[in-house]
Amino acid sequence: CWGNAAIWLVTVERDAALAEELGEQALRASEAGDRILAHSLLREAVAIEQKYREPIVYQPLLKLFEQSISLESCCS
């Protein structure tokens, strides 16, 4: 039982680190002007977070990103 719990915890930690890395890559992609890649990376981070809970970190970030894209396209 403890072995399974330890494996699960390692998996959660690995996924959390991956989601964080995807978020950082998305930021770099956005700063470089690659909004398509940034959007894709944020969606991946949301999917990872959704495996464990309601996405409270990356979903709001994704929504803000999408809103900023909408503002840029309407006001450019």
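Source: prediction; values computed, not measured.
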Please report the closest heavy-atom contact between [X] and [Y], naming both atoms and the distance.
| X | Y | answer |
| --- | --- | --- |
| Tyr52 | Val12 | CE2-CG2, 3.4 Å |
| Ala29 | Ala38 | CB-N, 3.9 Å |
| Tyr58 | Gly23 | CE2-CA, 4.3 Å |
| Glu54 | Glu49 | O-OE2, 4.4 Å |

Point to revise | Within one Ile-Leu-Val-Met-Phe-Trp-Tyr cluster: Ile56 and Leu42, side-chain cutoff 4.5 Å | key: yes
Check your understanding: Does some side-chain heavy atom of Arg35 sit less than 4.5 Å from a side-chain heavy atom of His39?
Key ->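 SC-SC contact between His39 and Arg35 ruled out.
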Under 3.5 Å, side chain of [X] to main-chain N/O of [Y], donor-acceptor pair present?
| X | Y | answer |
| --- | --- | --- |
| Glu44 | Leu22 | no |
| Gln25 | Leu41 | no |
| Ser30 | Ala26 | no |
| Ser68 | Phe65 | yes |

Exercise for review: For side chain to side chain contact (heavy atoms under 4.5 Å, CB included), just list the numbers for Ile69 and Glu66, CA-CA rounded to whole Å, side-chain angles, deciding distance to a tenth of an Å, and then say yes or no.
Suggested key: CA-CA 5 Å; Ile69 291 173; Glu66 290 171 342; 5.5 Å; no
From [atom1] ([X]) to [atom2] ([Y]), nearest 0.5 Å:
| X | Y | atom1 | atom2 | value |
| --- | --- | --- | --- | --- |
| Glu20 | Asp15 | CD | CG | 13.0 Å |
| Leu62 | Gln67 | CG | CD | 10.0 Å |
| Arg43 | Ile48 | CZ | CD1 | 13.0 Å |

Check your understanding: Salt bridge or not for Arg28 and Glu21, using N-O below 4.0 Å?
Key -> yes
Exercise for review: For Ile36, look at atom CD1 and say whether over 12 heavy atoms of other residues, nucleotides or ligands are found less than 6.0 Å away.
Suggested key: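 At most 12 heavy atoms, drawn from other residues, nucleotides or ligands, come within 6.0 Å of this atom.
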